[in-house]
Structures are given as structure tokens and as C-alpha cells.
Protein chains: 2
Amino acid sequence: MTDINKQEKIARYAKAMGHPTRVAILQFLANQETCYFGDIHEELPIAKATVSQHLKELKEAGLIQGEIEAPKVKYCINRENWKLAQELFNEFFEQCSCKKGCCQ
Amino acid sequence: MTDINKQEKIARYAKAMGHPTRVAILQFLANQETCYFGDIHEELPIAKATVSQHLKELKEAGLIQGEIEAPKVKYCINRENWKLAQELFNEFFEQCSCKKGCCQ
DNA sequence: AATATTGTTCGCAAAATTACGAATAGTTTT
DNA sequence: AAAACTATTCGTAATTTTGCGAACAATATT
């Protein structure tokens, strides 16, 4: 992956994580095996339409995935991309020159 | 730090990192000891007013800091918050249930 | 078949983000 | 003191984000 490509991926993931509600959703999902839309909605003080929208964005960013289990919809973390995001952020934060002992 | 507080901090940092240009700026700064506004602007294909705006946001999020070294302005990573962000993101990504071996 | 349940999509409004040129402010150099 | 240099702030326009209620779609239940 090129540097610029990595930057764009980081920005994409970061943007998806750039809202408290979405961080809360991710955290909730990360600590469940899987769960239904209703469970997520129950946790949050916002309208279901808004929850659905946040879920859509997280899904489009690739951090979560949903599958229909009629009549419910089951969401979970997208493990593959979660791992990728973790690696990208890790590498990103590690690269700081202050990690290399060259500054106070 | 409470869980919700952490979530908000993560969201705040993530939001700041949620734009390719800002990731590029952070990456550039992370690999310099320090540098001037002009150096950053030179790296980027956008107007200086826009660069300044992105820098302001990164500064307000706490990821960078700037100091006047007349007539220039010197920017650098805010090491303290960089470290905090690194720890928060690390903990966040680690918490996923898929890390704990309880799912495929 | 009618009704209920579960979520998504639509349509809208308010607010925030992004980007830029021009104007401005603060120093420094001439 | 004037001119030059560096970067921020202002004003504006276009786009995106956020949030909601209402309408809708799909399946399950009665």
C-alpha cells in the first residue's frame, strides 16, 4: 500500500470514528459477539432513523457489517477491516519522531 | 477517565484525523523535528488559507501545536496528546471481542 | 389475508465542513 | 518610514453532515 493510500484509508476510518455516537456503537459492537439493530438503538438516546444512518456510515467505511436475520438485522464488527484499521493507526502513531528518541 | 469521556476523546481525535489533508499534515510533522507553515504549505496542493484552517483544527483537537518564531510560525506534534491518542486508539481497537479468542 | 414487528429510506431543515481569494496583522528588512 | 515577508482571519459559496418524523418495505404473526 502506498503512503498516500494509507493516508486516505486512515482518513476514511477516522472520519467514520469522528462522531461520539459512532464510537459508542463500535464500542458496543466490539464487546458483543453480534447484536441486533434494536439492541443498539436501545443503548442510544436518538431516533432510529439516526441510528440507522450512523450504522450505514460505519458499514460504508467498512468497520462493521450487517446481515438480515428476519425480521431483525444483525450487526457486528468487520474483523478484517478492524484489524487493518488497527494496524494502520498503530503504524501511524508509532512513526512520530518522538518515538525514535531524537527529541525530548 | 470514564468510558464516555474516552469515547468523546477518541471521536475528537478521529474527527481531526478524518480528512486526507490533515492526515498528510500529521504524517509530515511526525517525521520532522519541527517545521514552518511554509514547509507544510509547500507539500500540499491547496491554498494557504485552507492549510491554515486545517492546522487550526489539528491544533484545536490538540494533536499539534504552533509557536511564533517571527516572522514564521513553527509547528510540531503535541507529544503529550499524541501519546494519549495513541493509547486511546490502541485500547479501543484491542477491546474487540475478536481479540479475546471468543469468536472465529 | 390482515396486522404487527423491525429497520431502512425519503424529505426536509439546521448546522458544520471545505475551499478559496482578499484583506489584515505582525515582523523584518530595506 | 516604507516595503516585503509570513501566516491568520474574514467573507463567501458549495457541499456534507446530522437529526428527525413520516412513509415505506420485508418478514412474521395472528
Side-chain angles (χ1 to χ4, degrees), chain A residues 4 7-29 32 34-78, chain B residues 4 7-29 32 34-78:
Chain A
I4 290 184
Q7 287 177 355
E8 275 171 6
K9 273 211 170 301
I10 289 173
R12 188 70 186 85
Y13 289 135
K15 189 176 179 188
M17 293 174 61
H19 191 289
T21 296
R22 291 197 292 270
V23 175
I25 290 172
L26 288 173
Q27 189 138 37
F28 184 69
L29 281 177
Q32 315 278 317
T34 65
C35 72
Y36 299 115
F37 174 90
D39 304 328
I40 299 169
H41 180 214
E42 227 172 28
E43 285 289 302
L44 303 168
I46 54 177
K48 64 182 177 173
T50 308
V51 174
S52 199
Q53 209 169 275
H54 282 308
L55 287 168
K56 187 179 178 184
E57 280 169 55
L58 289 170
K59 199 162 55 177
E60 281 171 0
L63 289 170
I64 67 171
Q65 55 195 283
E67 87 184 80
I68 295 170
E69 202 167 89
K72 300 187 175 182
V73 177
K74 193 173 76 180
Y75 281 99
C76 63
I77 296 293
N78 181 319
Chain B
I4 288 184
Q7 286 177 357
E8 273 169 7
K9 273 212 170 301
I10 289 173
R12 187 72 187 82
Y13 289 135
K15 189 176 177 187
M17 293 173 62
H19 192 288
T21 295
R22 291 197 292 269
V23 174
I25 291 172
L26 289 174
Q27 189 139 37
F28 184 69
L29 281 176
Q32 317 277 315
T34 65
C35 73
Y36 298 115
F37 174 89
D39 304 327
I40 298 169
H41 179 212
E42 226 172 29
E43 284 289 303
L44 302 168
I46 54 178
K48 65 182 175 174
T50 308
V51 174
S52 202
Q53 208 169 279
H54 282 307
L55 288 168
K56 187 180 179 186
E57 281 170 54
L58 289 170
K59 199 163 54 180
E60 282 172 0
L63 288 170
I64 68 172
Q65 56 195 284
E67 89 184 78
I68 294 170
E69 203 167 90
K72 300 186 175 181
V73 177
K74 193 174 76 178
Y75 281 98
C76 65
I77 295 292
N78 180 320

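All chains are named by letter (A, B, ...) in the order of the sequence lines, taking the proteins before the strands, and each is independently numbered beginning at 1.
Per the geometry, CG belonging to B:Leu55 stands 6 Å off P belonging to D:dT8, to the nearest Å. When the P atom of D:dA7 is taken as reference, atom CG of B:Leu58 falls 16 Å away, rounded to whole Å. Straight-line distance from the CD1 atom of B:Ile64 to the C1' atom of D:dT8: 14 Å, rounded to whole Å. The nearest whole Å value for the distance from the CD atom in B:Glu60 to the P atom in D:dT8 is 12 Å. As rounded to whole Å, 12 Å separates atom P of D:dT9 from atom CD of B:Glu57. D:dA7 atom C1' lies 10 Å from atom NZ of B:Lys59, rounded to whole Å. In this structure, the CD1 atom of B:Ile25 is 13 Å from the P atom of D:dA7, given to the nearest Å.
In this structure, B:Gln27 and A:Gln7 have side chains that are in contact, with non-hydrogen atoms separated by less than 4.5 Å. For the pair B:Ile4/B:Glu8, a side-chain contact is recorded, criterion being any heavy-atom separation below 4.5 Å from C-beta on. Put simply, the side chain of A:Ile10 reaches to within 4.5 Å of the side chain of B:Met17, judged on heavy atoms. Two residues are said to be in side-chain contact when any heavy atoms from C-beta on lie closer than 4.5 Å; A:Leu29 and A:Ile77 meet this criterion. Two residues are said to be in side-chain contact when any heavy atoms from C-beta on lie closer than 4.5 Å; A:Tyr75 and A:Gln32 fail this criterion. Using a 4.5 Å heavy-atom threshold, the side chains of A:Cys76 and A:Gln65 count as touching.
Checking the phosphate oxygens (OP1, OP2) of D:dT8, a side-chain nitrogen or oxygen of B:Ser52 falls inside 4.0 Å. Side-chain N/O atoms of A:Lys15 include one lying less than 4.0 angstrom from OP1 or OP2 on D:dT17. A sub-4.0 Å separation between OP1 or OP2 of D:dG19 and a side-chain N or O of A:His54 is present.
Protein chain A touches strand DNA chain C; the 5'-most and 3'-most nucleotides with an atom under 4.0 angstrom of its non-hydrogen atoms are C:dT6 to C:dT9.
Positionally, the nearest nucleotide of DNA chain D for B:Lys48 lies more toward the 5' end than for the other of B:Lys48 and B:Gln53.
The stretch residues 68-78 of chain A touches DNA chain C through A:Pro71, A:Lys72, A:Val73, A:Tyr75, each having a heavy atom under 4.0 angstrom from the strand.
Listed by first and then second residue, the ring-ring contact (aromatic ring centres under 6.0 Å, His included) pairs that reach into residues 43-72 of chain B are B:His19-B:His54, sequence neighbours excluded.
The cationic group of B:Lys72 lies under 6.0 Å from the six-membered ring centre of B:Tyr36 and within 45° of the ring axis, placing it in a cation-pi geometry.
Counting any heavy atom pair closer than 4.0 Å across all strands shown, B:His41 reaches no nucleic acid atom.
Of all nucleotides listed (D:dG19, D:dT17, D:dT9), D:dT9 comes nearest to the side chain of B:Ala49.
When all heavy atoms of A:Glu57 and A:Arg22 are compared, the pair lying nearest together is OE1-NH1, 3.0 Å.
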